[in-house]
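Please read these numbers as outputs of a predicted model, since none were measured by experiment. First the proteins, then the strands, lettered A, B, ... as listed; each starts at 1.
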Number of protein chains: 2
Amino acid sequence: MSCPVTATLGVIGGKWKPIILYCLTSGTKRFGELSVRIPTISGKVLTEQLKSLEEDGLVLRKQYKEIPPRVEYSLTEMGESLSPIFNQMEVWGNKHVLLKS
Amino acid sequence: MSCPVTATLGVIGGKWKPIILYCLTSGTKRFGELSVRIPTISGKVLTEQLKSLEEDGLVLRKQYKEIPPRVEYSLTEMGESLSPIFNQMEVWGNKHVLLKS
DNA sequence: GTAACTTGTTACCTTTTAGTAACAATAAAA
DNA sequence: TTTTATTGTTACTAAAAGGTAACAAGTTAC
């Protein structure tokens, strides 16, 4: 594949990944915190997407051996490097969607 | 909805819209040209997505009354304003995906 | 001793999304 | 006169994605 945008979308594209990644740009979050911030995603799907992001090296999963379980998700360096994309989305959304209504 | 990134993704998110929009950043394209540049999308879905993008004011559809039909798609001013987002995706894709292999 | 806490997994079912094939329309080329 | 060209639409089918509910595990609080 020679198109860099297609390549990027292959990793961060889809219905849920961008929002999950964006949530993590404001710092480490537990599973439950992510669920609260993204209320429309089901637990099953959140688990699946986080696993996929971890496999792609964008998200770090840190599990504490406690009961009840505690798991923290954060961005890797590669995940952090996505921030310019989300910054631009933020700028655009403020200008073209939120200020419209 | 108060999150600008969620707002942006509501308009340009999904499996196909980003790539269609990105294709159009390099200028007006006919339906057939888009099909060639995005070979994995079926005609049905391309029609559906273009219609949705048109309804959201990102894409302009210009139909010529000729036989065989000729239809040209281009970005509106609002669609053009997305380019910083795609530029950042281009930068990221080159750096983190394409140069890896 | 029983319930609640948290982060999952799994099985099953529903919904959404997407693919395929047939059809339309008509002027120009073969 | 039959085929080709282009951009769709529609009906039907297949695949992907997502939702729900049950279950697990062990410590702490009731």
Side-chain angles (χ1 to χ4, degrees), chain A residues 1 6 9-24 26-76 79, chain B residues 1 3 6 9-24 26-56 58-76 79:
Chain A
M1 188 206 314
T6 304
L9 291 169
V11 183
I12 72 160
K15 188 172 177 182
W16 298 111
K17 285 180 182 176
I19 266 301
I20 295 172
L21 290 167
Y22 176 64
C23 273
L24 292 175
S26 55
T28 299
K29 304 263 177 311
R30 295 183 64 176
F31 184 88
E33 293 179 86
L34 288 170
S35 288
V36 170
R37 282 161 189 263
I38 315 173
T40 49
I41 197 172
S42 72
K44 188 191 98 174
V45 174
L46 182 54
T47 301
E48 286 169 356
Q49 300 295 309
L50 284 167
K51 191 177 290 182
S52 170
L53 289 169
E54 196 194 354
E55 284 167 0
D56 285 332
L58 299 174
V59 162
L60 187 74
R61 182 181 188 274
K62 188 170 184 186
Q63 179 168 17
Y64 297 84
K65 288 180 180 173
E66 301 175 359
I67 295 288
R70 180 157 65 106
V71 183
E72 286 179 352
Y73 294 93
S74 58
L75 293 181
T76 62
Chain B
M1 186 205 317
C3 167
T6 304
L9 290 169
V11 183
I12 72 160
K15 189 172 175 184
W16 298 111
K17 285 180 184 177
I19 266 302
I20 295 172
L21 290 166
Y22 176 64
C23 271
L24 291 175
S26 56
T28 299
K29 303 264 177 312
R30 296 184 63 176
F31 183 88
E33 292 179 87
L34 289 170
S35 289
V36 170
R37 281 159 191 263
I38 315 171
T40 49
I41 197 173
S42 72
K44 189 191 96 172
V45 175
L46 181 54
T47 299
E48 284 169 357
Q49 300 295 309
L50 285 168
K51 192 178 290 183
S52 169
L53 289 169
E54 195 194 354
E55 284 166 2
D56 285 332
L58 299 174
V59 162
L60 186 73
R61 181 181 189 274
K62 188 169 183 187
Q63 179 167 19
Y64 296 84
K65 289 181 180 172
E66 302 175 357
I67 297 286
R70 180 157 65 107
V71 182
E72 286 179 354
Y73 295 92
S74 58
L75 294 180
T76 62

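- The nearest whole Å value for the distance from the NZ atom in B:Lys65 to the C1' atom in C:dA27 is 17 Å.
- For the pair A:Lys44 NZ and C:dA11 P, the computed distance is 12 Å after rounding to whole Å.
- Taking 4.5 Å as the limit, some side-chain heavy atom of B:Cys3 sits within range of a side-chain heavy atom of A:Tyr22.
- Using a 4.0 Å heavy-atom distance criterion, A:Ser35 is classed as making no nucleic acid contact.
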**Request:** Report the C-alpha distance between A:Leu50 and A:Leu34 in whole Å, list the side-chain angles of each, state the deciding distance to 0.1 Å, and finish with yes or no for side-chain contact (heavy atoms from CB on, under 4.5 Å).
**Result:** CA-CA 10 Å; A:Leu50 284 167; A:Leu34 288 170; 4.1 Å; yes
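- Side-chain contact between A:Trp16 and A:Leu46 is absent, with no heavy atoms from C-beta onward closer than 4.5 Å.
- A straight line from CD of A:Glu33 to P of C:dT6 spans 11 Å, rounded to a whole angstrom.
- Nearest nucleotide to the side chain of B:Pro69, out of C:dT20, C:dG8, C:dA25: C:dA25.
- Between B:Trp16 and C:dT17 there is no side-chain N or O to OP1 or OP2 distance below 4.0 Å.
- One atom, CZ of A:Phe31, and another, P of C:dT7, lie 7 Å apart when rounded to the nearest Å.
- The 5' end of DNA chain D is approached more closely, in terms of each residue's nearest nucleotide, by A:Thr40 than by the other of A:Ile67 and A:Thr40.
- On the nucleic acid side, DNA chain D has its first and last nucleotide under 4.0 Å of a heavy atom of chain A at D:dG18 to D:dG26, going 5' to 3'.
- Proximity of B:Asp56 to B:Ile12: side-chain heavy atoms (C-beta onward) are nowhere separated by under 4.5 Å.
- The distance between atom CD of A:Glu48 and atom P of C:dT7, rounded to the nearest whole Å, is 17 Å.
- Backbone-only contact: A:Tyr73 has heavy atoms under 4.0 Å from sugar-phosphate atoms and none from a base.
- Contact record, A:Cys23 with A:Arg37: SG-CB, 4.0 Å, taken as the closest heavy-atom pair.
- Taking the C1' atoms of five terminal pairs at each end of the helix from C:dG1-D:dC30 to C:dA30-D:dT1, the two resulting helix axes are inclined by 20°, rounded to 10°.
- Considering only heavy atoms from C-beta on, B:Ile20 stays 4.5 Å or farther from B:Val59 through its side chain.
- Remark: the backbone N or O of A:Glu72 is not paired with any side-chain donor or acceptor of A:Thr28 at under 3.5 angstrom.
- Applying the 4.0 Å criterion to OP1 and OP2 of C:dT6, one finds that A:Arg30 has every side-chain N and O outside that range.
- One atom, CG of A:Leu34, and another, C1' of C:dG8, lie 14 Å apart when rounded to the nearest Å.
- Nearest heavy-atom pair, A:Thr76 versus A:Leu60, reported as atom, atom and distance to 0.1 Å: CG2-N, 3.9 Å.
- Side-chain contact of A:Lys17 with A:Ser52: a donor-acceptor pair under 3.5 Å is present, judged by distance alone.
- Regarding A:Lys51, its NZ atom lies at a distance of 11 Å from the C1' atom of C:dT10, rounded to whole Å.
- Annotation: of the two residues near DNA chain C, A:Gly43 and A:Lys15, the 5′-most nearest-nucleotide partner is A:Gly43.
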